[in-house]
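What follows is a single structure, written as structure tokens, with notes after it.
Here is how names work: the chains are called A, B, and so on, in the same order as the sequence lines, proteins then strands, and each is numbered from 1. All values below come from the heavy atoms of this structure, side chains included, with hydrogens, waters and symmetry mates left out.
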Amino acid sequence: MTNFYITTPIYYVNGDPHLGTAYAEINADAFARWHRLLGDQVLFVTGTDEYGLKIAQAAAENGVTPQEWVDRTSERFRRAWGKLDISFDDFIRTTEPRHARTVQEFLSEIHRRGYIYKDLYVGLYCVSCEAYYQESELVNGRDCPVHGRPVTEMSEENYFFALSKFNDRLIELYESNPGAIIPETRLHEVLGFLRQGLTDVSITRSSIDWGVRVPWDEGHVFYVWYDALINYLTAVGYGTSQGTFDRWWPSVHHLLGKDILRFHAVWWPAMCMAAGIDPPAQFLVTGWMLVNGEKMSKSLGNQIDPLAVASELSPDALRYYLLRANGFGLDGDVSMESLYRVYNADLANDLGNLLSRVVALSMQKGGGVAPAVPEIGGDVLGAGPLVEAAVSAWNAFKPNDAIEHAMAIVRAGNALLERVEPWRRPALDPESLDALGRVREGLRLAAAILSPAIPRASAEILSRLGFGARGELRWTPEPGGAALEKGAPLFPRVVK
RNA sequence: GGCGGCGUAGCUCAGCUGGUUAGAGCACACGGCUCAUAAUCGUGGGGUCGUCGGUUCGAGUCCGACCGCCGCUACCA
């Protein structure tokens, strides 16, 4: 029995769920569903990041307490994921007591081991924002980007994490484990960064109080990044349930966007090493969804609203499009136009229509029941190799390849029907029955492979074709005779 | 500047360690069919594989130069 632990980033609750966060959820969900299908024990964790200065400010602007504010915003994420059929097993909120406990436990351990020390943090501070800025963030090299007023150099006593002590171990980790970061180009980035040399980083703030308290010094809270990463441990019972922890850690797969790669691939493993636990096994780094080559932005008005697509078409439609349109790890150019095009071509015309064809033909020419699945003799659908290829693709975190192989089975099914032409033959013609049985089985296999991407439609395909269960991921002869269900078009064509 | 990557049909891309006439999907054109969501099936057009040079019996696939893009170059959830 294999254990598969996968995480998404936890989202900062300052904004609403959008296409980028939905994309991460959908990918992680697909991988989780794939491994459940394989029979693995799966733990899929997502959540929200609720501390930090910007949250406190947003709460103040809205006239509520920070906790009231994050209760409200976090719920928006949870509800959104429900609408996209995201099958998470746990949802971590960083303001939960269990998380604070884990953070304090974990960082105390690092502190005990001598990798956290007190020092002076010097930075450029905007009094109005009550926040530090990097020089690169400033306007004209000296003004706060929010208030446009000059920042001042300030300093405070902070705790620092001895990141630099892990420089060599991190390089060694990735050199001996090149598969630890997918895609490879992100591995190169991380190694390049590491080879420049690391400096220690400050991990607490005394100027804010919306955060997890530093247990050995109550005047400080942990800087938001440090507590956020630790959610990956909260979910598996670090410090509270050794058995649970040992079961899932360290064979964890962290899915994340390329913009937060360094925090995950540098800081986080170092923190784990400092605490005396193994670093996480793998990082799955996604690209960005671009619209006409540009980052989506509210001002450009070029957004794709994931929830709107889900309600207009279906959650499956959005999921399929995002997983199909782009290779994992690459930036993808997306638009509503291409979404409709892919939806019609693949889901309505090829897949949905094939289901309609085989059900209708079986009713008219096949005796009204599910046609038997014949022995594969002369594998006319090419299903065997295609299923194998799809399995490899899912295992290698390449949803678009897996989908492509499934669709090849579907196309072969349509072609087979054209060749045999059951509609021109008498009812119960043996060749018709053979072809219909093959297409039926082809659809079962395609539905299984596609189920991580389009869970609803996959279940519907199986049930309409009279398959009691999903069955195995290989051609399985079966006597047929089950009841069929005609039903409405699975993916109604959309006309624009 | 340094490090890394990319540039293949109208569009999005596959092409692992170099080897028959360079592939897929979409789009387009023509033809067939009518079971099906005016869906489907077949055929076809279209590519100097960024440019120049080199290695090799042979290069999209290796090497060099150049042109054009892009990412990273620390405390942005």
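- Proximity note for His188(A) (side chain, C-beta onward) versus rC33(B), rC75(B), rG4(B): the nearest is rG4(B).
- Among the heavy atoms of the strands lying under 4.0 Å from Ile10(A) is at least one base atom, whether or not backbone atoms are also near.
- Closest contact between the side chain of Tyr223(A) and the listed nucleotides rC75(B), rA74(B), rA14(B) involves rC75(B).
- For residues 181-210 of chain A, every residue pair satisfying the ring-ring contact (aromatic ring centres under 6.0 Å, His included) rule, not counting sequence neighbours, is listed here: Tyr51(A)-Trp210(A).
- rA74(B) atom P lies 17 Å from atom NZ of Lys258(A), rounded to whole Å.
- When the P atom is used for both rC13(B) and rG71(B), the distance is 15 Å, rounded to whole Å.
- When atom types are taken as modelled, the side chain of His254(A) and the backbone of Ala265(A) share no donor-acceptor pair closer than 3.5 angstrom.
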* Asked: How does protein reach along nucleotides 36-41 of chain B, written 5' to 3' as B (base within reach of a heavy atom under 4.0 Å), S (only sugar-phosphate), or - (no contact)?
  -> BB-SBS
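- Glu441(A) pairs by the side-chain hydrogen bond (donor to acceptor under 3.5 Å, both in side chains) definition with Arg444(A), not counting sequence neighbours.
- Judged by closest nucleotide on RNA chain B, Thr199(A) is the one of Thr199(A) and Lys54(A) placed further toward the 5' end.
- Considering only the side chain of Arg341(A), rC26(B) comes nearest among rC26(B), rC75(B), rA24(B).
- Remark: the separation of the C1' atoms in rC52(B) and rG7(B) is 16 Å, to the nearest Å.
- With sequence neighbours excluded, no residue satisfies salt bridge (charged side-chain N to carboxylate O under 4.0 Å, His left out) with Asp168(A).
- Here Ile260(A) lies out of heavy-atom contact (under 4.0 Å) with every strand.
- Following rounding to the nearest Å, Tyr321(A) (OH) and rC26(B) (P) show an atom-to-atom distance of 15 Å.
- Comparing the C1' positions of rG53(B) and rC67(B) gives an interatomic distance of 15 Å, to the nearest angstrom.
- Nucleotides rU40(B) and rG25(B) have their P atoms positioned 13 Å apart, rounded to a whole Å.
- Here Arg319(A) does not pair with Glu25(A) in a salt bridge; the nearest charged N to carboxylate O distance is not below 4.0 Å.
- Rounded to whole Å, the distance from CG on Leu330(A) to C1' on rA14(B) is 12 Å.
- Distance Met271(A) CE to rA74(B) P: 20 Å, rounded to the nearest Å.
- Note on Gly197(A): a base of the nucleic acid sits closer than 4.0 angstrom, heavy atoms only.
- Regarding Asp259(A), its CG atom lies at a distance of 9 Å from the P atom of rC72(B), rounded to whole Å.
- Straight-line distance between the C1' atoms of rG46(B) and rA27(B): roughly 12 Å, to the nearest whole Å.
- The cationic atom of Arg205(A) (NZ for Lys, CZ for Arg) lies less than 6.0 Å from the six-membered ring centre of Tyr121(A) and within 45° of the ring axis.
- The separation of rC11(B) from rG58(B), taken at their C1' atoms, amounts to 33 Å, rounded to a whole angstrom.
- Contacts of Phe88(A) classified as ring-ring contact (aromatic ring centres under 6.0 Å, His included), with partners at least two apart in sequence or in another chain: Phe91(A).
- Tyr159(A) pairs by the ring-ring contact (aromatic ring centres under 6.0 Å, His included) definition with Trp216(A), His220(A), not counting sequence neighbours.
- Among the nucleotides rA74(B), rC76(B), rU34(B), the one closest to any side-chain atom of Val201(A) is rA74(B).
- If you take atom P in rU21(B) and the same atom in rG68(B), they sit 35 Å apart, rounded to whole Å.
- When rounded to the nearest whole Å, the span between CZ of Phe263(A) and P of rC76(B) equals 7 Å.
- For RNA chain B, the residues of residues 169-187 of chain A within the heavy-atom distance limit of 4.0 Å (strictly under) are Arg186(A), sorted by number.
- The residue among Ser202(A) and Glu421(A) whose nearest nucleotide of RNA chain B lies closer to the 5′ end is Glu421(A).
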* Please step through salt bridge (Lys or Arg N to Asp or Glu O under 4.0 Å) for the pair Glu421(A) and Arg425(A), ending with a clear verdict. => CA-CA 7 Å; Glu421(A) 300 186 305; Arg425(A) 294 168 179 269; over 6 Å; no
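- With a 3.5 Å limit on both pairing distances and Watson-Crick or G-U wobble geometry required, the stems of 3 or more pairs in RNA chain B span B:1-7 with B:67-73, B:10-13 with B:23-26, B:28-31 with B:41-44, B:50-54 with B:62-66.
- A search for salt bridge (charged side-chain N to carboxylate O under 4.0 Å, His left out) contacts involving Asp209(A) returns nothing, not counting sequence neighbours.
- If you take CD of Glu189(A) and P of rC70(B), they are 15 Å apart, rounded to a whole angstrom.
- Between Phe193(A) atom CZ and rC76(B) atom P there is a gap of 12 Å when expressed in whole angstrom units.
- For Phe161(A), the ring-ring contact (aromatic ring centres under 6.0 Å, His included) partners two or more places apart in sequence, or in a different chain, are Phe166(A).
- Evaluation of the ring-ring contact (aromatic ring centres under 6.0 Å, His included) rule for Tyr340(A) yields no partner, not counting sequence neighbours.
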* Asked: Could you walk me through whether Val45(A) and Thr8(A) pass the side-chain contact (heavy atoms from CB on, under 4.5 Å) check?
  -> CA-CA 7 Å; Val45(A) 176; Thr8(A) 70; over 6 Å; no
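- For Glu184(A), there are no salt bridge (charged side-chain N to carboxylate O under 4.0 Å, His left out) partners at least two apart in sequence or on another chain.
- With both ends at atom P, the span from rG2(B) to rC66(B) equals 11 Å, rounded to whole Å.
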